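Small disclaimer: the values here were computed from a predicted structure and weren't measured.
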Amino acid sequence: MASNKFKVSSTKANGIKINNNYYAGKSAKIYNQLAKQTAVDSIKLFTKKYGPYPYSELDLTESPFSSDTGGMEYSGLVMIAQDTFARKKAASKEDYDSVIENVSHEVAHQWFFNTVGNDEYTEPWLDEGMAEFSEDIIFDLTPTKTSALYQEMMKTKQDASLMKDVKKLLNQQLKTAVKNKQGMIINYPLNKIPKKYDETDTAYNGGKSFYSLLRYLMGEKKFDQAMRDYYHTYYLKQATGKDFIAIIKKHDNSKAVNDLIKRYISPKYLQ
């Protein structure tokens, strides 16, 4: 993470200092703008949805990861894959997308697992699934200055109707998933994931599906209340999957929610 080649650009969000450490290059200015704005909007949005960021500073660093890795998170520090953007002569649309996805995902980890802790090895669905949900559902489907900047860089106009269409399509998919009783067990420890799956299937995508369906069944308002309750209850503490489920049932103990939990969380675990 340390380099004497870093350029540093700083800003603030909700009184929190954000330092973006990045390398010089043809696309460095654009990378800095996009990464920094994504961090600002992530802090503001996740604070609103979950609760306050616990530290006075957040550092971002470009790091020698491949695009497959994306990034890595630590308390107050996120590392962003270097080869997705800044080293290229001309960045593509996919590179712009990757910066937004990687930064919003890694910043989401400042809430889960860095503030609400969990055992990442035995219950990765609690941190990776929640970060993936926060990135794809909470951040991507909310109009932000990041999305406006992205549209400006892509030389296209923001289309509010397109966002509505995406949300409508998501709700249709969620409705179909509930109707068809879709689900998969996601609470596997990393050393016990069935051979037909991997961590991406269970913890990341499976976790995201579980949280998305919970939000759909509970309604956004009730789900947000439950998430804030979970965050404040286990703020700077260690939580388990059972703790999370107990908070959800405290806010919605309906048959539909309980049936969903049983489709995603092993019945043996819930005993």
Side-chain angles (χ1 to χ4, degrees), residues 13 16 18 35 38-55 58-61 63 65 67-81 84 97-142 144 146 170 184 186-190 193 197-215 223-224 226-228 230-231 234-241 243-244 247-248 264-265:
I16 298 153
I18 299 171
T38 304
V40 167
D41 289 337
S42 295
I43 284 177
K44 289 181 177 179
L45 183 56
F46 300 149
T47 295
K48 181 179 179 181
K49 287 291 183 179
Y50 305 135
Y53 175 77
Y55 311 116
L58 174 64
D59 296 310
L60 286 71
T61 69
S63 301
F65 295 132
S67 56
D68 291 339
T69 300
M72 184 61 195
E73 72 283 353
Y74 298 93
S75 297
L77 169 69
V78 299
M79 303 161 70
I80 305 302
T84 56
D97 291 339
S98 291
V99 171
I100 296 172
E101 291 169 1
N102 294 340
V103 173
S104 61
H105 180 98
E106 303 308 337
V107 174
H109 274 305
Q110 296 300 311
W111 277 258
F112 310 101
F113 74 105
N114 288 333
T115 304
V116 176
N118 66 280
D119 187 328
E120 304 155 76
Y121 190 85
T122 60
E123 298 190 295
W125 63 281
L126 283 175
D127 54 277
E128 292 298 355
M130 187 58 72
E132 196 77 357
F133 166 79
S134 300
E135 167 202 333
D136 284 354
I137 306 301
I138 302 299
F139 189 89
D140 284 355
L141 298 183
T142 302
T144 59
T146 299
L170 174 65
M184 64 178 293
I186 61 173
N187 64 311
Y188 294 108
L190 290 179
I193 297 174
Y197 300 127
D198 60 25
E199 185 185 2
T200 300
D201 298 320
T202 55
Y204 286 77
N205 294 330
K208 179 180 70 174
S209 296
F210 177 54
Y211 298 124
S212 299
L213 286 165
L214 270 178
R215 184 171 179 252
F223 178 81
D224 285 353
M227 289 304 302
R228 284 191 289 270
Y230 174 62
Y231 186 75
Y234 295 100
Y235 184 85
L236 298 179
K237 297 176 183 177
Q238 192 88 344
T240 67
D243 294 326
F244 175 77
I247 292 287
I248 291 297
Y264 278 86
I265 309 300

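For Met79, the side-chain contact (heavy atoms from CB on, under 4.5 Å) partners two or more places apart in sequence, or in a different chain, are Met1, Thr61, Ser63, Phe65, Met72, Tyr74. For Asp127, the side chain to side chain donor-acceptor pair (under 3.5 Å) criterion is met by Asn118, not counting sequence neighbours. Judged as a side chain to side chain donor-acceptor pair (under 3.5 Å), and not counting sequence neighbours, the contacts of Thr146 are Asp41. Here Tyr188 pairs with nothing under the ring-ring contact (aromatic ring centres under 6.0 Å, His included) rule; sequence neighbours left out. Every residue meeting the side-chain contact (heavy atoms from CB on, under 4.5 Å) condition with Ser209, not counting sequence neighbours, appears here in chain and number order: Tyr264. In this structure Lys208 satisfies the salt bridge (Lys or Arg N to Asp or Glu O under 4.0 Å) test together with Asp136, sequence neighbours excluded. Residues satisfying the salt bridge (Lys or Arg N to Asp or Glu O under 4.0 Å) test with Asp97, not counting sequence neighbours, are Lys93. Under the ring-ring contact (aromatic ring centres under 6.0 Å, His included) criterion, Tyr55 pairs with Tyr53, sequence neighbours left out. The salt bridge (Lys or Arg N to Asp or Glu O under 4.0 Å) check on Asp140 picks up nothing, with sequence neighbours excluded. Considering only residues two or more places apart in sequence or on other chains, Gln110 meets the side chain to side chain donor-acceptor pair (under 3.5 Å) condition with none of them. For the side chain to side chain donor-acceptor pair (under 3.5 Å) test, no residue two or more places apart in sequence or in another chain qualifies with Glu106.
A side-chain N or O of Tyr50 and one of Ser134 form a donor-acceptor pair less than 3.5 Å apart.
In this structure the side chain of Phe112 never reaches within 4.5 angstrom of the side chain of Phe244, judged on heavy atoms. In this structure, Ile193 and Leu190 have side chains that are in contact, with non-hydrogen atoms separated by less than 4.5 Å. Residues Val107 and Ile43 have side chains in contact (heavy-atom distance under 4.5 Å, counting atoms from C-beta outward). Taking the side chain as every heavy atom from C-beta outward, Ile137 and Leu170 approach each other to under 4.5 Å. A 4.5 Å side-chain heavy-atom check between Trp111 and Lys49 finds every atom pair outside the cut-off. Contact check for Ile138 versus Arg215: side-chain heavy atoms found under the 4.5 Å cut-off. Inter-residue side-chain proximity for His105 and Tyr204 is flagged as met; some heavy-atom pair is nearer than 4.5 Å.
Between the Glu123 side chain and the Gly241 main chain, a donor and an acceptor come within less than 3.5 Å of each other.
Aromatic pair Tyr211/Tyr230: centroids not less than 6.0 angstrom apart.
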